[in-house]
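Working notes, beginning with the structure itself.
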There are 2 protein chains.
Amino acid sequence: MESDLKIEAPARLRDVVLERLRGAIVAGRFASGERLIERNLCDLLGVSRSVVREVIRILEAEGLVEEGTRGPMVARLDWGQARQIYDIRVMLEAHAARECAGRADDMVRADVRAALAGIGGEGALDATARFYEVIFKAAGHDIAWEIVQRLNGRISRLRALTLASSDRKVSGLVRMTRIAEAVIAGDGAGAEAAVRAHLTEAAAIARRILEA
Amino acid sequence: MESDLKIEAPARLRDVVLERLRGAIVAGRFASGERLIERNLCDLLGVSRSVVREVIRILEAEGLVEEGTRGPMVARLDWGQARQIYDIRVMLEAHAARECAGRADDMVRADVRAALAGIGGEGALDATARFYEVIFKAAGHDIAWEIVQRLNGRISRLRALTLASSDRKVSGLVRMTRIAEAVIAGDGAGAEAAVRAHLTEAAAIARRILEA
DNA sequence: TCGCCAAGTTTGGTATACCATAAGACGGAA
DNA sequence: TTCCGTCTTATGGTATACCAAACTTGGCGA
């Protein structure tokens, strides 16, 4: 699809550190509310404070880090926030799914099928993101996709806490299949309903985790 | 309302510079697509590169600045993006207005009236933001409010380009009054419709500007 | 006159140094 | 023993120094 001739920009240290630190937070390697001491992170990551500070600013804007009284700390997440995030995701994703179903051509259908095929195996998180990306991009909702990605970062930490992940994965695949079928069939209302059902279930799981 | 005893944290240089630079971009003092040379900004603002760089990272996350081939530049804005932004705002603001109207108590009603009163005079932009803030906070949609603020920053630059601003201000006040009346009356559907009408008009103006 | 190469300059990336402040620890006096 | 003061240290804020890459420009040769 996209050409492989693109010259990839040399990876900046900042990007590497950003990805690493974001991953560590999402994976739960830092406790919620834990202070992020700049110099500690420098030692941990082997980079200078300039880089760490810029990365922290970005993560702050993403909502993964918040500034405490004395410095940055890992953002806390309660059910009130998660609920709001799921509400917003419902609006954005339902809208995107409906429009995507309405305008899907054969190429989009193929992309959806391919993305869905990737979900079953390992790396489910990335594959799921890819599935949604196809839908948002096909609907022409790039900006909404940016927002959803950012919101997702804030609640992805919950996944690390989910112990009974096997049944979730299965039901997740079922839900995704429903969404994909509706999109491929051009059934906008059905796609929207499938998205709502999926997110309602996900929110219920998040609620159980967060209110415990 | 809020106590005045709060010790305000000493203003960090970073915050001052952030506000200043954001204001300059929104006010149109930098051309769309203009490169933001770090050292130039240092001279202009009288601060060191550390501060400028952190601020640029924040503005990048806000969507006001994007990274060009060689460094950061003021983000370009076309109708395709603005249209998406208005679409998202419609969803978030309509939802907030509906919920706010549904749960508004006397205190919220008073806040809405007070915010509306501020719109007529000078500083209309801040007052309008304050109006919306009341509605979002009353609806319990803090996160949606953050998103809307950020999206607003990206399209506020259009205001600087609006020459015929007087009629817009008047019609804006009328629209706001409609929204406020519906919220105060507890009419969720009416509040939602008023928000939709307001944003549809605003989007039409933006389209005229951007497609010229 | 045209083209190519090289040196200089611009620019962003990265690291380090310095400073002010606040928290914590330790000791002395009541 | 407790309370107060001071000293140390940890920490974030800010500025500066250094480097590598890339663009520009000017000169030299064909």
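Chain A is the first sequence line, chain B the second, and so forth, proteins listed ahead of strands; every chain is numbered from 1.
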Contact list (N/O, under 3.5 angstrom) for nucleotides 10-12 of chain C vs protein:
unit_1, atom_1, unit_2, atom_2, d
C/dG12, OP2, B/E38, N, 3.3
C/dG12, N7, B/R39, NH1, 2.7
C/dG12, O6, B/R39, NH2, 3.2

**Prompt:** At under 4.0 Å, does any side-chain N or O of A/S48 touch on OP1 or OP2 of C/dT14?
**Reply:** no

Check side-chain hydrogen bond (donor to acceptor under 3.5 Å, both in side chains) between [X] and all other residues, then give those that pass, not counting sequence neighbours.
X      : answer
A/E146 : none
A/R208 : none
B/R70  : none

Salt bridge (Lys or Arg N to Asp or Glu O under 4.0 Å) pairs touching residues 88-99 of chain B, sequence neighbours excluded, are B/R89-B/E93, B/R98-B/E192, B/E99-B/R103

Name every donor-acceptor pair, under 3.5 Å, that has one atom in a side chain of residues 24-36 of chain A and the other anywhere in the protein, sequence neighbours excluded.
unit_1, atom_1, unit_2, atom_2, d
A/S32, OG, A/A75, O, 3.3
A/S32, OG, A/R157, NH2, 2.7
A/E34, OE1, A/A31, N, 2.8

Interatomic distance, NE2@A/H95 vs CZ@A/F136, rounded to 0.5 Å, equals 10.0 Å

Euclidean distance, atom [atom1] of residue [X] to atom [atom2] of [N] [Å, nearest integer]:
X     : N      : atom1 : atom2 : answer
A/L41 : C/dT14 : CG    : P     : 16 Å
B/L13 : D/dG12 : CG    : P     : 18 Å
A/E60 : D/dG13 : CD    : P     : 9 Å

